[in-house]
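Just so you know, these numbers use all the heavy atoms, side chains as well, and skip hydrogens, waters and symmetry mates. Only a predicted model underlies this, so the values are computations on that prediction, with no experimental measurement involved.
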Amino acid sequence: MAHFAELDLNNIVLRVLAVANDMIKDNQGNEQEQIGIDFLKSLLGSETIWKQTSYNGNFRKNYAGIGDIYDVTRDAFISPMPPAFANGDVWELNEETCRWFDPKAPVNNVEIGVARV
């Protein structure tokens, strides 16, 4: 299955839908994002905005979730920043993974994103 995130005008993810891989293949049998986008627009309206997302994080850094932001510059889906710590410190974004991390935690600290169900 291929997954596509619907975005609002501010690039915030509204929902994620699955499309059968066969529905997004060109005449040579290659999967094409634009074919999937065109298919979803034909079903749900030409004004809708779609970006393909990877369940395995193979592209666009992270699997899109409702409320995530699609960052055009990074070509990545990014979860909203978690709330600040009690002492006022804030999370920082790892530019490579586009996941939030605690900059004061030990080096081996696990990065976080929003859990997906």
Side-chain angles (χ1 to χ4, degrees):
M1 297 299 274
H3 297 87
F4 290 83
E6 182 180 7
L7 308 176
D8 70 9
L9 295 176
N10 296 311
N11 288 334
I12 296 173
V13 177
L14 301 172
R15 61 181 163 172
V16 178
L17 299 179
V19 176
N21 290 344
D22 288 344
M23 297 300 297
I24 68 167
K25 289 184 179 177
D26 62 17
N27 293 336
Q28 288 76 42
N30 300 311
E31 293 180 9
Q32 300 290 332
E33 178 179 20
Q34 190 59 52
I35 294 172
I37 291 170
D38 293 343
F39 172 72
L40 288 166
K41 285 181 175 239
S42 74
L43 293 175
L44 301 167
S46 61
E47 73 288 350
T48 56
I49 303 167
W50 298 92
K51 285 288 181 186
Q52 191 171 6
T53 185
S54 172
Y55 189 76
N56 299 318
N58 293 332
F59 54 89
R60 298 209 167 104
K61 307 289 186 183
N62 302 297
Y63 183 69
I66 295 171
D68 286 358
I69 299 164
Y70 172 68
D71 185 305
V72 176
T73 303
R74 295 177 178 102
D75 189 28
F77 289 103
I78 303 172
S79 298
M81 184 190 305
F85 296 96
N87 66 2
D89 288 348
V90 295
W91 297 85
E92 290 186 16
L93 186 67
N94 178 316
E95 291 292 334
E96 185 177 324
T97 64
C98 289
R99 290 181 159 258
W100 298 101
F101 71 97
D102 177 355
K104 293 185 178 180
V107 176
N108 293 331
N109 186 36
V110 176
E111 296 171 342
I112 67 164
V114 175
R116 304 288 180 236
V117 178

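Following chains of ILVMFWY side-chain contacts shorter than 4.5 Å, one can reach Ile78 starting from Trp91, so the two form part of one hydrophobic cluster. In the hydrophobic clustering of this structure, Val19 groups with Leu43; members are Ile, Leu, Val, Met, Phe, Trp, Tyr whose side-chain heavy atoms approach within less than 4.5 Å, directly or through other members.
Under the rule for a side chain to side chain contact (heavy atoms under 4.5 Å, CB included), the partners of Glu96 that lie at least two apart in sequence or sit in another chain are Asn94. With sequence neighbours excluded, the residues that form a side chain to side chain contact (heavy atoms under 4.5 Å, CB included) with Leu17 are Arg15, Leu40, Leu44, Trp50. The side chain to side chain contact (heavy atoms under 4.5 Å, CB included) test applied to Lys51 returns Leu7, Glu33, Arg60, Tyr70, Phe77, not counting sequence neighbours. In this structure Glu47 satisfies the side chain to side chain contact (heavy atoms under 4.5 Å, CB included) test with no other residue, sequence neighbours excluded.
The two residues Pro80 and Asp68 make their nearest non-hydrogen contact at CD-OD1, 3.6 Å. The shortest heavy-atom contact between Asn21 and Met1 is OD1-C, 3.1 Å. Minimum heavy-atom separation, Ala5 to Val13: CB-CG1, 4.1 Å. Between Lys41 and Ser46, the shortest heavy-atom distance links the atoms NZ-O, 3.1 Å.
Atom CG of Asp26 is separated from atom CD of Gln34 by 12.5 Å, given to the nearest 0.5 angstrom. Here the straight-line distance linking atom CG of Asp38 with atom CE of Met23 works out to 11.5 Å at 0.5 Å rounding. Of the inter-residue distances, the one linking Ile35 atom CD1 with Ile24 atom CD1 reads 7.5 Å to the nearest 0.5 angstrom. A distance of 10.0 Å separates CG in Asn58 from OG1 in Thr53, rounded to the nearest 0.5 Å.
If you run side-chain contact (heavy atoms from CB on, under 4.5 Å) between Ile49 and each of Leu14, Asp8, Leu9, only Leu9 comes through.
Applying the ring pair (Phe, Tyr, Trp, His ring centres under 6.0 Å) test to residues at least two apart or on different chains, the pairs with a partner in residues 2-23 are His3-Tyr55, His3-Tyr63.
A salt bridge links Asp22 and Lys25; the closest N-O separation between the charged side-chain nitrogens and carboxylate oxygens is under 4.0 Å.
Hydrophobic side-chain contacts under 4.5 Å tie Phe59 to no other Ile, Leu, Val, Met, Phe, Trp or Tyr residue.
Summarising the local packing, CG of Asn87 is surrounded by more than 12 heavy atoms from other residues, nucleotides or ligands at distances under 6.0 Å.
When atom types are taken as modelled, the side chain of Asn62 and the backbone of Arg99 share no donor-acceptor pair closer than 3.5 angstrom.
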Stepwise side-chain contact (heavy atoms from CB on, under 4.5 Å) test for Asp71 and Lys61: CA-CA 11 Å; Asp71 185 305; Lys61 307 289 186 183; over 6 Å; no
